[in-house]
Peer 1: 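A single structure is presented below for examination.
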Amino acid sequence: MSGNWENSVRRVTPYTPGEQPKESGVIKLNTNENPFPPSPMVKKALSEFDADRLRLYPDTVSKELALELANQKGVKPEQVFIGVGSDDVLSMAFLTFFCSDKPILFPDITYSFYDVWASVYGIKYRTLPLDGDFKIDPKDYMRENGGIVIANPNAPTGIYLGLDAVESIIAANPDSVVIIDEAYIDFGGKSAVGLTDKYENLLVVQTFSKSRSMAGMRIGMAFGSERLIKCLSDVRFSVNSYTMNTVSQICGLAALKDKEYFEKTRSEIISIREYSAARLKELGFTVTDSAANFLFASPKGRSAGELFEKLKQRKIFVRWWDKPLISDHLRITIGTKEQMDALFAALSEIL
Ligand SMILES: *Cc1c(COP(=O)(O)O)cnc(C)c1O
């Protein structure tokens, strides 16, 4: 039997993540995962984990993980919030901080989850165009708003906005919360975490998914003033107290403590990125200046959509959006040197 129940249902158009192809032999450069495994300390922690511990509920605040993060970032533990990947942290932050009648602001080209969260929570939003070089102009964010969210480095462009420019946006908006989404900050940019003591309205969000090779573990975090973090925690505890499972907390801590491995893998990614940008330019692409673990490249005069399909036929997955302003670009995640060389070989053949 079918009635009118759909009239009272929340309907949304969901976010579409990149494909996760199941066949073997695929070179996967489409969702900005790290090509290197997590720290060996994570494997060790997993193999030593006693399943009996799963009988009990996890620590509600991921205390040990929060302490180590506070320590490494130079903030107080009360300034740290931990969630199930930064998507969970961002979603909670939208729900908590964007509760105004005025529209929130974010760039027209950015992480495509922002408008989805705004829609599901009924938050008004206004997108502001990037300039012709895909850059953010801080002056655009100095107008009335109910909040601001900026990915820095931005996605899918990879372009990093200097810390002074970021600070000018935060300073100009003391009456609203400014969220800086730093999913890719470890690949070259300077973090805004150090500004959280100076600006009570700043929330900085980071993740273990990219620079710590732990997308499958789902760990994200936010840093802010104590008052801001308290607001976020209050909303979180009003939805679900036990978001972070015990295994994630333990593995996250293990990864965090292996600073040497973190430094080694992230500098490796940065050097493969620089090599790859040069190779793409040789192949005739224009490439934005990326501070992330991906490149945003346009095959001047050739169809990006067609290249995307032809690479896919060769089992090389990159990301392409059939959307205005960016449909002439591909977003290519930085893989291992071998994977990138396979990509360049395929591209030279196709071109
Ligand atoms: C990947 C990504 C995230 C989400 O990462 P999680 O896996 O949920 O931690 C958030 N913001 C941006 C800009 C991203 O690219």
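Scope of the values below: all heavy atoms of this structure, side chains included, with no hydrogens, waters or symmetry mates. Order of appearance sets the numbers: ligands from 1, and atoms from 1 within every ligand. Note that the numbering runs from 1 along the sequence shown for the chain.
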Peer 1: Establish, yes or no, whether the cationic atom of Arg331 lies under 6.0 Å from the six-membered ring centre of Phe294 and within 45° of the ring axis.
Peer 2: yes
Peer 1: Is any side-chain N of the basic residue among Lys44 and Glu48 closer than 4.0 Å to the acidic one's carboxylate O?
Peer 2: yes
Peer 1: Once you restrict both partners to nitrogen or oxygen, which atoms of ligand 1 have a protein partner under 3.5 Å, and how far apart are they?
Peer 2:
unit_1	atom_1	unit_2	atom_2	d
ligand 1	5 (O)	Ser86	OG	3.1
ligand 1	7 (O)	Ser209	OG	2.6
ligand 1	7 (O)	Arg218	NH1	2.7
ligand 1	7 (O)	Arg218	NH2	3.4
ligand 1	8 (O)	Ser86	N	3.2
ligand 1	8 (O)	Asp87	N	2.9
ligand 1	8 (O)	Asp87	OD2	3.3
ligand 1	8 (O)	Arg218	NH2	2.8
ligand 1	9 (O)	Ser86	N	2.6
ligand 1	9 (O)	Ser86	OG	2.8
ligand 1	9 (O)	Thr207	OG1	2.5
ligand 1	9 (O)	Ser209	OG	3.2
ligand 1	11 (N)	Asp181	OD1	3.4
ligand 1	11 (N)	Asp181	OD2	2.7
ligand 1	15 (O)	Tyr184	OH	2.5
ligand 1	15 (O)	Lys210	NZ	3.0

Peer 1: Hey, what's the ring geometry for Phe113 with Trp117, parallel, tilted or perpendicular (30° and 60° as the breaks)?
Peer 2: parallel
Peer 1: Are any side-chain N or O atoms of Asp328 and backbone N or O atoms of Ala304, one a donor and one an acceptor, separated by less than 3.5 Å?
Peer 2: no
Peer 1: Output all residues satisfying salt bridge (Lys or Arg N to Asp or Glu O under 4.0 Å) with Lys323, sequence neighbours left out; order by chain, then residue number.
Peer 2: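 Partners of Lys323 by the salt bridge (Lys or Arg N to Asp or Glu O under 4.0 Å) criterion come out as none, since no residue qualifies.
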Peer 1: Going by the angle between their ring planes, with limits at 30° and 60°, are Tyr275 and Phe344 parallel, tilted or perpendicular?
Peer 2: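 Tyr275 and Phe344: perpendicular rings.
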